Protein chains: 2
Amino acid sequence: MMRISSSTGLSPRMKAPSGASTGTVTTLGRRAVISREDLVAAALKLVGPNRSVSSLSLREVAREAGIAPNSFYRHFRDMDELAIALIDQAGRSLRTIIGEARHRATEGRSVVRSSVETFMEQLSADEKLLHILLREGNVGSDAFKRAVEQELSFFEDELRVDLVRLAKAHNTAVYEPALVAKAITRLIFAMGATAMDLPHERHAEIAEQMIVMVRMIIVGTQTIAVHGSMPD
Amino acid sequence: MMRISSSTGLSPRMKAPSGASTGTVTTLGRRAVISREDLVAAALKLVGPNRSVSSLSLREVAREAGIAPNSFYRHFRDMDELAIALIDQAGRSLRTIIGEARHRATEGRSVVRSSVETFMEQLSADEKLLHILLREGNVGSDAFKRAVEQELSFFEDELRVDLVRLAKAHNTAVYEPALVAKAITRLIFAMGATAMDLPHERHAEIAEQMIVMVRMIIVGTQTIAVHGSMPD
DNA sequence: CATCTGTCTATACATTTGTATATTATTGTC
DNA sequence: GACAATAATATACAAATGTATAGACAGATG
C-alpha cells in the first residue's frame, strides 16, 4: 500500500525461516531471540472484534513482539505470510477441538448437540484464533483466502464421512452427503461469526438455534433420501 | 490510526450533509459540484475481490472522485460514514432484486429455484454492491457491522412471511419459521460470498448446490412439523 | 455594486508505513 | 583469541495518510 512496487521488494538477507518447528540442532551464528511463533502470538494479541488481520501493519506486530521492524523479515517475507501462518494454527486448533467433540459424542449423547456445544465453548474461550477462521475468509489476499477455504474443506470432509458413518449406524440414508456437510459447515461458521459480536450470555441461545438448524438439514436429507423427490 | 485522538476530531466547518437525497431547492452559496452519491460511486469503483471497503483511504476515494481530500468532509464525517451509506445502497438494491424474484416466482415456477437463480444472476452482474453485503459484515467498525446485520434481518423477515404464506398455500406446515428463514439467509449469503471468487462458469453449479441445500432445510422443517420430533 | 454564505482548493504538518543500508551483537568452530 | 556466520538493531528515506488552517470561488441577497 505504501510503495508502488511493494510486491516485488524482497527482504534484504532472507534465508530459511530459522528452522520453524524442527529442533534446529546446529545453531551457527547468533541464537534467535524470537521465533515465528512469537510473532504469530504477537499478531494474535492485536486482532480483535474490530481489528482484522489484514489491517495489521508489520511495524505494529514487530512493536508488540518487542523487536525492530526489520527483524520481522527474518521470519516472514511479509504480513501476508504471517497471516497464513495464523490460519494454519487456527485450523489446526479447530480440528483438534472437533476431534474431541467427536470422541465425546460417541459416549451416548447427541452428536449434533455435543459438537455444536463444543464449537461454541471454544468460540468463547479461544476467541482470537477462531475469529480469523470465521470472519476473515472473505477479505485479504488470494493466498489468505485460499488457506481459509482449505481449512473449511478439511472440515467438510471430516463431517461428510461422519455423516455417512452415522447414517449406517442408525440405519438411515443420507442424500448428497457432501452437500449436506458443506451446508452444515458454512451455516455453523456463518452463525459463529455473528455470535462473536454478541455478549457471552447469548451464546447458549445461538447454540440452540444452531442445533435446530442442523437437525432440520439432517431430517431433510434423510427424508429426501427415503422419498426420493424434492418439493418445489 | 494516525492521530491518537483521531476519533474526537471533527471536520473543520461541518454542517448538514448538503441535503443527501432531497432536491436541495435553496442553494445558498456556491453550487455543490459533487454529491454524496458521487463519492459512494467512487468508493464502489475502488472495491473489488481484493479490496475491502475498510481498507479504502479517504484520500483514495477523494482522488477517484476528482476532488480535494478535504472536500470529503463536506459530505461525510469520515470513511466509516461512507461505508454505511454503501451498505444502505447495497441493501436497497438487494431487496428490490429479491422482490423481483418473488414476483417472478408466482408465475408458476419453483419459488426456491427462481429466487436462488435471481440471486446468483445479480451476483454476477452487480458484483461490487453485493460484495460489500456478503463479505464485509464481519470486519470494520461496529456501526458498519450493525448496518450489515440490519440488512440481513430485513431479508430474513421477508423470507419468513413468505415461508409461512407458501406453507399455507401448499397445505404444509413449517417448524420454527423464523429459524428456517435465518438458516436459509445465512447459508445463501455464505455460499454467495465464496462464489464471488469463482469464475462465472461455475456460478450455475453453485446455484444448483444452493437449491438442494435450501430444499433440504424446507423438507426438514416440514417433516419435523408433521412428526413433532427431532433426531439425535 | 458589495456582502454574505456555503463549497472547494492549496498548503502544510505530524505520523505512520514498508523497506534499504549499514552496523553491532552473539554464537559456534578453528 | 581470531574468524565466520547469523540475528538483531539503528538510521534513514520516500510515500501515504488524516486533518488543521487559510484562502479562493460562485451564487444569492441586500
Side-chain angles (χ1 to χ4, degrees), chain A residues 1-20 24-36 38-39 42-43 46 51 54-83 141, chain B residues 1-20 24-36 38-39 42-43 46 51 54-83 141:
Chain A
M1 197 205 282
M2 292 290 119
R3 286 290 165 78
I4 292 168
S5 60
S6 73
S7 64
T8 62
L10 291 189
S11 63
R13 276 171 284 174
M14 189 74 181
K15 210 215 33 162
S18 87
T24 323
V25 188
T26 53
T27 34
L28 190 57
R30 187 173 174 173
R31 226 181 18 218
V33 66
I34 215 172
S35 65
R36 276 171 74 97
D38 292 330
L39 279 171
L46 291 169
R51 211 62 218 289
S54 49
S55 81
L56 294 181
S57 77
L58 182 152
R59 284 181 109 108
E60 223 172 345
V61 174
R63 217 176 301 137
E64 180 68 36
I67 60 169
N70 265 325
S71 299
F72 182 94
Y73 296 120
R74 292 273 144 207
H75 308 284
F76 298 100
R77 177 191 305 269
D78 51 27
M79 279 299 297
D80 228 70
E81 210 172 270
L82 206 203
S141 71
Chain B
M1 198 203 283
M2 292 290 121
R3 289 289 165 78
I4 294 168
S5 59
S6 73
S7 64
T8 62
L10 292 188
S11 62
R13 276 172 284 174
M14 189 73 181
K15 210 214 31 159
S18 87
T24 321
V25 187
T26 52
T27 32
L28 191 57
R30 189 173 174 175
R31 228 179 17 219
V33 66
I34 216 172
S35 66
R36 277 171 75 97
D38 292 331
L39 279 172
L46 291 170
R51 213 60 219 290
S54 49
S55 80
L56 294 181
S57 76
L58 181 152
R59 284 182 110 107
E60 222 173 344
V61 174
R63 215 178 302 137
E64 180 68 35
I67 59 170
N70 265 325
S71 299
F72 182 93
Y73 294 120
R74 293 277 142 204
H75 307 283
F76 297 100
R77 179 191 305 269
D78 50 26
M79 279 299 296
D80 228 70
E81 212 173 88
L82 206 202
S141 72

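Quantities reported herein were computed from a predicted structural model and do not represent experimental measurements.
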Query raised in the report: Tell me: CD of B/Glu81 to C1' of D/dG18, nearest whole Å?
Result: 16 Å
Requested in this report: Enter the distance from B/Asp38:CG to B/His75:NE2 here, rounded to the nearest 0.5 Å.
Outcome: 8.0 Å
Report task. Could you check which of D/dT19, C/dT17, C/dC8 has an atom nearest any side-chain atom of B/Leu58? Result -> D/dT19
Requested in this report: Kindly indicate whether the side chain of A/Asn70 and the base of C/dT21 share any N or O donor-acceptor pair separated by less than 3.5 Å?
Outcome: yes
Query raised in the report: Among C/dC8, D/dG27, D/dA7, which nucleotide sits nearest the side chain of B/Arg31?
Result: D/dG27
Report task. Could you tell me whether the side chain of A/Arg59 has a donor or acceptor atom within less than 3.5 Å of a complementary atom in the base of C/dT19? Result -> yes
Query raised in the report: What residues form a side chain to side chain contact (heavy atoms under 4.5 Å, CB included) with A/Ala83, not counting sequence neighbours?
Result: A/Val53, A/Phe144
**Report entry** Between P of C/dT7 and CZ of B/Phe76, the distance in whole Å
**Finding:** 14 Å
Query raised in the report: Taking C-beta and beyond as the side chain, do A/Asp78 and A/Glu81 meet within less than 4.5 Å on heavy atoms?
Result: yes
Requested in this report: Using only side-chain N and O atoms of B/His75, determine if any of them is under 4.0 Å from OP1 or OP2 of C/dC8.
Outcome: yes
Query raised in the report: Mind checking whether B/Leu82 and B/Met79 have side chains closer than 4.5 Å, heavy atoms only?
Result: yes
Query - Integer-rounded Å distance: D/dA10 C1' and A/Arg63 CZ - result: 16 Å
Report task. Mind calculating the distance between CG (A/Asp38) and P (D/dA7) to the nearest angstrom? Result -> 15 Å
Query - A/Leu46 side, atom CG; A/Arg63 side, atom CZ - distance, nearest 0.5 Å - result: 9.0 Å
Query raised in the report: Any side-chain N or O of A/Arg30 under 4.0 Å from OP1/OP2 of C/dT23?
Result: no
Query raised in the report: Any idea which of D/dT17, C/dT9, C/dT17 is nearest the B/Glu60 side chain?
Result: D/dT17
Report task. Kindly point out which of C/dT9, D/dT19, D/dA8 is positioned nearest to the side chain of B/Ala68? Result -> C/dT9
Requested in this report: Would you name the heavy atoms of B/Ile34 and B/Ala65 that are closest together and state the gap between them?
Outcome: CD1-O, 3.5 Å
Query raised in the report: Would you say B/Arg59's side chain and B/Pro69's backbone share a donor-acceptor pair under 3.5 angstrom?
Result: no
**Report entry** Backbone of A/Tyr73 reached by a side-chain donor or acceptor of A/Asn70 within 3.5 Å
**Finding:** no
Query - Whole angstrom value for the distance that separates P of C/dT17 from CG of A/Leu56 - result: 11 Å
**Report entry** Nearest-angstrom distance from the residue atom OH of A/Tyr73 to C1' of C/dA20
**Finding:** 9 Å
Report task. Could you tell me whether the phosphate oxygens of C/dT7, OP1 or OP2, come under 4.0 Å of any side-chain nitrogen or oxygen in B/Arg74? Result -> yes
Query - Separation of C/dT19 C1' from A/Asp80 CG (nearest whole Å) - result: 16 Å
Requested in this report: Return the nearest nucleotide to the side chain of B/Ser71; candidates are D/dG18, C/dT17, C/dT9.
Outcome: C/dT9
Query raised in the report: Per the end-axis method with five pairs at each terminus, what is the bend angle of the helix from C/dC1-D/dG30 to C/dC30-D/dG1, to 10°?
Result: 20°
Report summary line: Rounded to whole Å, the CZ-P distance (A/Arg77 to C/dT19) equals 11 Å
